[in-house]
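Heads up, the thing below is written out as structure tokens.
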Amino acid sequence: MTNMPTKSIEVGRFLVSPMTKPHADGGFTASVSIRSGRGMSSIDRVMRFVPSFPNRGAALRYAENEGTAWARAH
């Protein structure tokens, strides 16, 4: 299955997009895409997180918190 993206969040010069991926066992993993720049000079960082979450909402909150924290620090 593919990652399920949600709405993106602007944090300074970054666009943070939290995503989830369902597991066969019913849990979810979280990941986040952090984009900056435009056109040929754009950069997209993707972070995948190890914890498994019991539901999609928990995975999204974790990805959003981690992504926005990273963007604020950079």
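Nothing fancy with the numbering, it's 1 onward along the sequence.
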Would the distance check show the side chain of Thr68 and the main-chain N or O of Glu64 forming a donor-acceptor pair, the cut-off being under 3.5 Å?
yes
What distance separates Phe14 CZ from Asp44 CG, expressed to the nearest 0.5 Å?
11.5 Å
Do Phe49 and Trp70 sit in the same hydrophobic cluster, where Ile, Leu, Val, Met, Phe, Trp and Tyr count as joined when their side-chain heavy atoms come under 4.5 Å apart?
yes
So, taking the atom named CZ in Arg45 and the one named CD1 in Ile34, what distance separates them when rounded to the nearest 0.5 Å?
7.0 Å
Correct closest heavy-atom pair for Ala59 and Phe28 would be CB-CB, 4.0 Å
Going hydrophobic residue to hydrophobic residue with side-chain gaps under 4.5 angstrom, can you get from Val32 over to Val11?
yes
Rounding to 0.5 Å, atoms CZ (Arg48) and OG (Ser33) come to a distance of 10.0 Å
Between Ser8 and Ser17, is any side-chain donor less than 3.5 angstrom from a side-chain acceptor?
yes
Answer yes if Leu60 and Ile9 sit in the same cluster of Ile, Leu, Val, Met, Phe, Trp and Tyr residues linked by side chain heavy atoms under 4.5 Å apart, and no otherwise.
no
Shortest non-hydrogen contact from Ala63 toward Ser31:
CB-O, 3.3 Å
If the plane angle is over 60° it's perpendicular, under 30° parallel, otherwise tilted; pick one for Phe53 and Tyr62.
tilted
OG of Ser36 to CZ of Arg13, rounded to nearest 0.5 Å, is 5.5 Å
Residue pair Ser42 / Arg35, side-chain donor-acceptor N/O under 3.5 Å:
no
